[in-house]
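Keep in mind that the numbers below use all heavy atoms, side chains included, and drop hydrogens, waters and symmetry copies. Nothing here was measured: the structure is a model prediction, and the numbers come from that model.
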Amino acid sequence: MKCFLPLKTIFGLAFIGLFMTPTANAQIWKKIQKSAERTVERKLERKTEKETGKMMDSILEPSQKPPSAESPSNESDHSVDNQSTSSDSNSQTTKTANKKNLSDDLEVYSKYDFVPGDKVLFYDDFSQDFIGDFPSKWNTNGSGEVVKLNNVDGNWFELNTGHSVFYIPDVKNLPEDYTIEFDIVTQGFSQKTSSSSYLQISLTDSDALRKYSDNYIQSSLSLCQYNTYGIHSTNIFNNKSGGIDSKVAADIREALLNQPHIAIAVTRNRYRLWVNETKYLDIPRMVTELNVLKHLKFNVIGLKEGEERIFISNLKVADGGEDLRRKLLSEGKISTNGILFDSGSANIKPQSLGIVLQVSQVLLQDENMKLTIVGHTDADGNSDANMTLSKQRAESVKNALVNLYNISPDRLQTDGKGASTPVADNTTPDGKAQNRRVEFIKI
């Protein structure tokens with residue numbers, strides 16, 4: 001006959017046993033502890049898998065927002081994190097993904113018709129300025145400093161908001177025909193960025209540190225993110241309106257979050273402005289009086305100080321010079337530093353394709369013409385590496401002509417000279433910019 005103990009008795013004996021057998025008690029507690037540890041580990045694994053899945057989704061599908069993260073404060077070396085809001089992080093992810101698709105970017109820019117001037121008048125990438133200092137080639141009635149940015153190469157100049165004017169003393173006498181180019185990085189822009197925030201680019205007759213003068217033209221790029229307020233343009237001559245006071249409906253909000261390239265071309269009276277590959281302004285009579293506007297100025301208004309920030313770099317001002325197509329046809333040779341490449345790389349920057357387009361037009365017009373493309377570098381780095389890089393860059397230009405503009409490869413040869421034949425001083429940013437060039441020589 002089987003005997004069954006009451007359930008309460010069984011629990012009671014087990015409880016007493018825990019205290020009467022120390023060794024068994026210790027073993028039981030070890031098992032409990034290990035079980036708890038495994039539970040925590042499983043929770044951590046599930047959390048890690050979840051976060052990893054989100055990160056992979058943001059990489060594979062850049063249109064989806066990755067997990068938001070607060071922007072860390074500046075380090076003591078003035079390094080600045082370029083991701084500050086969820087929308088900024090999304091844009092940074094998109095930009096990183098887009099960089100992997102260089103051929104797509106080149107295709108987008110294949111009809112880009114901006115052609116930079118062929119003689120550098122001023123170039124500044126702030127490489128010779130100390131981090132934390134105000135740029136040595138500039139002047140201001142406010143403040144600003146050179147910084148390094150996380151995830152973006154090079155030095156960048158932060159333009160502080162308010163009533164500051166940033167003037168470039170080294171640009172003293174703009175010619176009738178010239179081009180201006182620079183890159184922008186923004187930080188902290190969001191749906192809260194004000195509708196009254198603008199980056200203003202002015203060409204004036206005065207080197208005084210003030211926004212306005214008797215003669216000036218100005219383009220104001222809206223920095224607002226929650227709505228599009230376009231680009232506002234105005235011209236003043238002899239302290240009176242020159243007839244231009246217009247606002248173009250340009251939606252540049254996404255571009256501002258993705259390191260846009262700004263290009264301006266002034267050809268006598270005509271004024272044109274591009275943001276990336278898109279031309280937003282083309283005003284035939286913007287400059288109503290020639291040889292009056294001599295100076296270039298920037299100022300930023302409407303941003304929240306310390307929260308919303310804007311930086312520029314790679315500013316180049318170049319003499320417009322001759323039409324390269326006519327020169328290639330008449331002289332059989334042109335040299336240009338307007339074809340730009342990623343630093344230390346043979347990847348053509350998409351905004352350089354205006355010149356490549358012009359060369360293709362010459363080759364299509366003269367079907368018997370053949371060209372040798374010669375690459376040149378500055379003197380930074382190893383001479384052998386520069387020689388190899390210059391040849392690779394010439395080959396990249398050839399590939400662009402072949403793949404984008406359907407030029408037969410049989411009509412193109414390539415060569416590279418490295419830094420062996422400089423045309424300017426290799427110890428200054430201006431000189432280096434002139435030495436980084438591509439030649440097209442009729443065979």
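- Sorted by first then second residue, the side chain to side chain donor-acceptor pair (under 3.5 Å) pairs that include residues 119-137, not counting sequence neighbours, are Y123-N314, D124-W138, D125-S127, D129-S136.
- For Y216 and F237, the gap between ring centers reaches or exceeds 6.0 Å.
- If you check the side chains of S219 and Y271, you find a donor sitting under 3.5 Å from an acceptor.
- Screening residues 357-368 for side chain to side chain donor-acceptor pair (under 3.5 Å), with sequence neighbours left out, gives R325-Q361.
- Side chain to side chain, S313 and D183 fail the donor-acceptor criterion of an N or O pair below 3.5 Å.
- In this structure, the side chain of N141 engages the main chain of L209 through a donor-acceptor pair within 3.5 Å.
- Between the side chain of R393 and the backbone N or O of S345, at least one donor-acceptor pair lies under 3.5 Å.
- In summary, the aromatic rings of F182 and F298 are positioned with their centroids under 6.0 Å apart.
- Nearest heavy atoms, L353 versus I348: CD2-CG2, 4.3 Å.
- Checked against a 6.0 Å centroid threshold, the rings of Y198 and Y229 do not count as neighbours.
- Nearest heavy-atom pair, T228 versus A250, reported as atom, atom and distance to 0.1 Å: OG1-O, 3.1 Å.
- With sequence neighbours excluded, the residues that form a side chain to side chain donor-acceptor pair (under 3.5 Å) with S195 are Y226.
- Counting all heavy atoms, side chain and backbone alike, A419 lies closest to A379 at CB-CA, 3.7 Å.
- Side-chain contact check for Q218 and S202: at least one donor-acceptor pair (N or O, by modelled atom type) lies under 3.5 Å.
- Residue pairs satisfying the salt bridge (Lys or Arg N to Asp or Glu O under 4.0 Å) criterion with at least one member in residues 375-386, sequence neighbours excluded, are listed as follows: D378-R436, D380-K432.
- By the 4.5 Å heavy-atom criterion applied to side chains, Y280 and I252 are counted as neighbours.
- The shortest heavy-atom contact between L223 and I310 is CD2-CD1, 4.2 Å.
- Judged purely by distance below 3.5 Å, without hydrogens or angles, the side chains of E308 and T193 pair a donor atom with an acceptor atom.
- You'll find the side chain of P409 reaches within 4.5 Å of the side chain of K398, heavy atoms only.
- Using a distance-only test at 3.5 Å, with no hydrogens or angles considered, no donor-acceptor pair links the side chain of T267 to the main chain of R270.
- R437 places a side-chain N or O within 3.5 Å of a backbone atom of N435 that can act as its donor or acceptor partner.
- In this structure, S197 contributes its side chain and G302 its backbone to no donor-acceptor pair below 3.5 Å.
- Sequence neighbours left out, the pairs with a member in residues 402-420 that pass side chain to side chain donor-acceptor pair (under 3.5 Å) are E395-T414.
- Neither side chain, N337 nor Q434, offers a donor N or O lying under 3.5 Å from an acceptor on the other.
- For residues 288-298, every residue pair satisfying the side chain to side chain donor-acceptor pair (under 3.5 Å) rule, not counting sequence neighbours, is listed here: N173-K294, E176-N291, N238-E289.
- Proximity of a side-chain donor or acceptor of D282 to a complementary backbone N or O of R272 within less than 3.5 Å is not detected.
- Donor-acceptor pairing under 3.5 Å is recorded for the side chains of D425 and T427.
- A side-chain donor-acceptor contact under 3.5 Å links N258 to the backbone of E254.
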